[in-house]
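Input: a single structure, listed below in structure tokens.
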2 protein chains.
Amino acid sequence: MSPRSSSPIHALDALKRAGLAGTSAQIAVLDYLQQAEHGHFGAEEIHRRIARTGERMNLSTTYRVLHQLVGAGLVANVPLGKDHSLYELNTGKVHDHLVCVVCGRVEEFSDVTINRRRAAIAKEFGLRFAGKTLALQGVCADCAARAHPARP
Amino acid sequence: MSPRSSSPIHALDALKRAGLAGTSAQIAVLDYLQQAEHGHFGAEEIHRRIARTGERMNLSTTYRVLHQLVGAGLVANVPLGKDHSLYELNTGKVHDHLVCVVCGRVEEFSDVTINRRRAAIAKEFGLRFAGKTLALQGVCADCAARAHPARP
DNA sequence: ATGGATGCAAACGCTTTGCATAAAT
DNA sequence: ATTTATGCAAAGCGTTTGCATCCAT
């Protein structure tokens with residue numbers, strides 16, 4: 001893997017620009033999410049990973065920070081189905097997700113046709129658009145192969 | 001309103017055909033969902049409404065029955081966003097939902113273009129399609145008007 | 001000294017479970 | 001007699017909250 005080297009300064013910058021205090025907890029969370037761009041994580045996981053780096057932080061703080069970051073528009077919380085919602089860096093790009101129900105892997109995609117229809121439909125129903133949830137669930141190729149090794 | 005008159009016999013029929021026992025609890029739940037076709041309800045709500053009819057049923061039984069019905073394909077559980085999932089009669093028709101984040105109203109829609117793109121994308125990613133979640137969230141016309149009565 | 005951020009523990013809402021009872025075949 | 005469904009109460013899970021403390025301005 002080639003994780004872009006840690007960028008706590010960059011994170012601090014972004015936090016300040018977003019009007020947040022830039023506490024060490026905020027930095028730790030945002031920094032982790034930035035390193036793992038295009039990664040999708042549950043709050044527990046984020047917390048656990050940060051704890052591993054030595055940073056000592058309470059889980060409730062992780063939740064609180066996550067809320068702040070979402071509020072500030074730096075992070076997005078994506079509902080991926082029932083009882084499954086993850087946090088990701090908000091890149092500003094509209095996209096949706098594919099989720100493997102076996103291994104939990106998450107991929108992103110973006111489809112202009114879907115996006116257009118989606119907007120049109122909301123308008124049609126007089127819905128002042130506020131958000132969307134689109135996740136395709138299924139079994140990814142790897143997991144399918146693993147389940148039926150006979151027929152790869 | 002014109003609620004099609006109660007159809008416990010029809011419900012029992014459907015249950016038997018689906019291989020379920022057809023207990024009074026199962027009948028009550030399915031019947032309620034059938035009467036309210038195109039309605040969307042949380043487990044609590046279903047339970048409460050049934051209780052009102054005199055039928056005495058425990059909430060956990062409601063959940064268990066709901067599971068059975070979903071398993072049998074008679075009912076679908078639709079995740080409508082974070083911490084929001086409702087049960088609806090499974091009519092077999094593919095459709096998605098619009099949700100008003102203010103009043104909670106749920107509308108259904110079905111868009112062939114979206115459905116097609118969705119299938120194509122899943123295939124493209126090698127995802128053996130298993131399900132989808134699409135809900136558009138926003139403020140419905142009524143709630144918008146209520147919020148800004150000056151500018152209807 | 002003021003306001004926000006934190007840890008901790010306790011509460012939360014929704015859902016599931018264990019177990020003993022009851023019903024149905 | 002065996003299986004299946006039910007009620008009840010308790011636990012579960014992920015998340016949120018109250019409160020006292022801590023930190024930074």
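Numbers restart at 1 for each chain; the letters A, B, ... are given by sequence-line order, proteins then strands.
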List the atom pairs, donor and acceptor, that lie under 3.5 Å between side-chain atoms in residues 17-26 of chain A and the rest of the protein, sequence neighbours left out.
| from | atom 1 | to | atom 2 | distance (Å) |
| --- | --- | --- | --- | --- |
| A:R17 | NH2 | A:D13 | OD2 | 3.4 |
| A:T23 | OG1 | A:Q26 | N | 3.2 |
| A:Q26 | OE1 | A:G22 | N | 2.6 |
| A:Q26 | OE1 | A:T23 | N | 3.0 |
| A:Q26 | NE2 | A:Q68 | OE1 | 2.9 |

What's the verdict on side chain to side chain contact (heavy atoms under 4.5 Å, CB included) for B:L33 and B:V29, showing C-alpha distance, side-chain angles and the deciding distance? CA-CA 6 Å; B:L33 254 15; B:V29 173; 4.1 Å; yes
Partners of B:H67 by side-chain contact (heavy atoms from CB on, under 4.5 Å), sequence neighbours excluded? none
I'd like a table of donor-acceptor pairs (distance under 3.5 Å, sequence neighbours excluded) in which one partner is a side-chain atom from residues 71-79 of chain A, with atom names and distances.
| from | atom 1 | to | atom 2 | distance (Å) |
| --- | --- | --- | --- | --- |
| A:N77 | OD1 | A:S85 | OG | 3.1 |
| A:N77 | ND2 | A:Y87 | OH | 3.4 |

A:L69 CG to C:dA5 C1': how many Å, rounded? 13 Å
Rounded to whole angstroms, how far apart are CD1 on A:I46 and P on D:dG14? 14 Å
Between A:E88 and A:H38, is the side-chain hydrogen bond (donor to acceptor under 3.5 Å, both in side chains) condition met? List the steps. CA-CA 7 Å; A:E88 67 180 14; A:H38 295 281; over 6 Å; no
Could you list, one pair per line, each protein nitrogen or oxygen that sits under 3.5 Å from a nitrogen or oxygen of nucleotides 1-5 of chain D, together with the distance?
| from | atom 1 | to | atom 2 | distance (Å) |
| --- | --- | --- | --- | --- |
| D:dA5 | OP1 | B:Q68 | NE2 | 3.4 |

Sequence-distant partners of A:E45, side chain to side chain donor-acceptor pair (under 3.5 Å), two or more places apart: A:R49
Rounding to an integer number of Å, can you tell me how far A:L59 CG sits from C:dA10 P? 16 Å
Starting from P on C:dC14, measure out to OH on B:Y87 and report it in whole angstrom. 12 Å
A:E45 atom CD is separated from D:dC13 atom C1', nearest whole Å, by 17 Å
To the nearest Å, give me how far apart CG (B:N58) and C1' (C:dT21) are. 13 Å
Taking ring pair (Phe, Tyr, Trp, His ring centres under 6.0 Å) as the test, write out the residues that go with B:H97, two or more places apart. B:H40, B:H95
Scoring nucleotides 17-25 of chain D by protein non-hydrogen atoms under 4.0 Å (B base, S sugar-phosphate only, - none) yields BB-------
Results of ring pair (Phe, Tyr, Trp, His ring centres under 6.0 Å) for A:Y63 - residues two or more places apart only: none
Which residues, ordered by chain and number, are linked to A:V101 in its hydrophobic cluster, where ILVMFWY side chains connect at heavy-atom gaps below 4.5 Å, directly or through other members? A:V102, A:V139
Please give, in whole Å, the distance from C:dA5 P to A:E55 CD? 16 Å
B:N77 has an atom CG; how far is it from atom P of C:dT15, in whole Å? 8 Å
Taking only N and O in the side chain of A:Y63, is any of them less than 4.0 Å away from OP1 or OP2 of D:dT15? yes
Side-chain atoms of B:V65 come closest, of C:dT6, D:dT6, C:dT15, to D:dT6
